[in-house]
Q: 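There's a structure below that I have some questions on.
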Amino acid sequence: MRHPNDNGFAERRTAAADAKRQLLAKFASAPKPTDPEMQEKLAAREAISVAREARRAEREALKAAERERELAEAAAVAAAAEAEEKAEAEARQAEMADRVSRVIADEAARKAERDRRYAARKARQS
């Protein structure tokens with residue numbers, strides 16, 4: 001039994017040829033690259049591309065400036081931390097030197113007291 005939508009070979013062939021002709025007509029009627037309308041579209045696309053590239057370059061410049069600022073900030077923080085660490089080390093060294101000088105002074109005072117007692121004892125014995 002035949003279906004109403006079931007076309008024969010000849011009908012299918014003519015339908016395919018018609019479709020091909022319509023497609024070719026569509027492409028033939030399309031505007032050519034030399035048409036003023038196409039030139040305007042190409043110019044508009046080029047302007048958009050240039051603007052896009054300018055925005056991209058601006059973003060890159062902003063990112064580079066931000067990166068430079070962050071690097072400078074990190075360098076300043078590192079320099080401050082290094083200066084603080086150096087100051088702390090100098091303070092520790094000064095404290096250690098003070099402690100050593102007090103110990104030496106105490107030793108000298110004890111030696112002087114011991115020598116005084118020894119001299120006093122020798123004076124009493126003679």
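Positions are given from 1 along the sequence.
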Q: Dump the intermediate steps for salt bridge (charged side-chain N to carboxylate O under 4.0 Å, His left out) on Glu82 and Lys86, then the final yes or no.
A: CA-CA 6 Å; Glu82 185 178 328; Lys86 186 177 179 182; over 6 Å; no

Q: Mind checking whether Gln93 and Met96 have side chains closer than 4.5 Å, heavy atoms only?
A: no

Q: Could you pull out all residues at least two apart from Glu113 that satisfy side-chain hydrogen bond (donor to acceptor under 3.5 Å, both in side chains)?
A: Arg116

Q: Would you list the atom pairs, donor with acceptor, under 3.5 Å between side chains in residues 34-50 and any protein atom, with sequence neighbours excluded?
A:
from: Asp35; atom 1: OD2; to: Lys32; atom 2: N; distance (Å): 2.9
from: Gln39; atom 1: NE2; to: Pro33; atom 2: O; distance (Å): 2.7

Q: Take Arg55 and Glu58 through the test salt bridge (charged side-chain N to carboxylate O under 4.0 Å, His left out) and record every step on the way to the result.
A: CA-CA 5 Å; Arg55 288 191 308 268; Glu58 184 179 346; over 6 Å; no

Q: Look up atom NZ in Lys122 and atom CG in Asp115, then write down how far apart they are to the nearest 0.5 Å.
A: 12.5 Å

Q: Does Glu85 CD have over 12 foreign heavy atoms under 6.0 Å away?
A: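 For Glu85, atom CD is not crowded (no more than 12 foreign heavy atoms under 6.0 Å).
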
Q: Would you call Lys111 and Glu107 a salt bridge, taking side-chain N to carboxylate O under 4.0 Å as the test?
A: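 Looking at Lys111 and Glu107, the cut-off is not met.
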
Q: Are Arg69 and Glu66 ion-paired here, with the side-chain N under 4.0 Å from a carboxylate O?
A: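 Glu66 and Arg69: salt-bridged.
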
Q: Going by an N to O cut-off under 4.0 Å, is there a salt bridge joining Asp106 and Arg110?
A: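 The answer is no: the pair does not qualify as a salt bridge.
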
Q: To the closest 0.5 Å, what do you measure between CZ (Arg114) and CZ (Arg117)?
A: 8.0 Å

Q: Would you indicate whether the side-chain heavy atoms of Arg52 and Arg56 approach each other to under 4.5 Å?
A: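 Heavy-atom side-chain distance check fails, nothing below 4.5 Å.
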
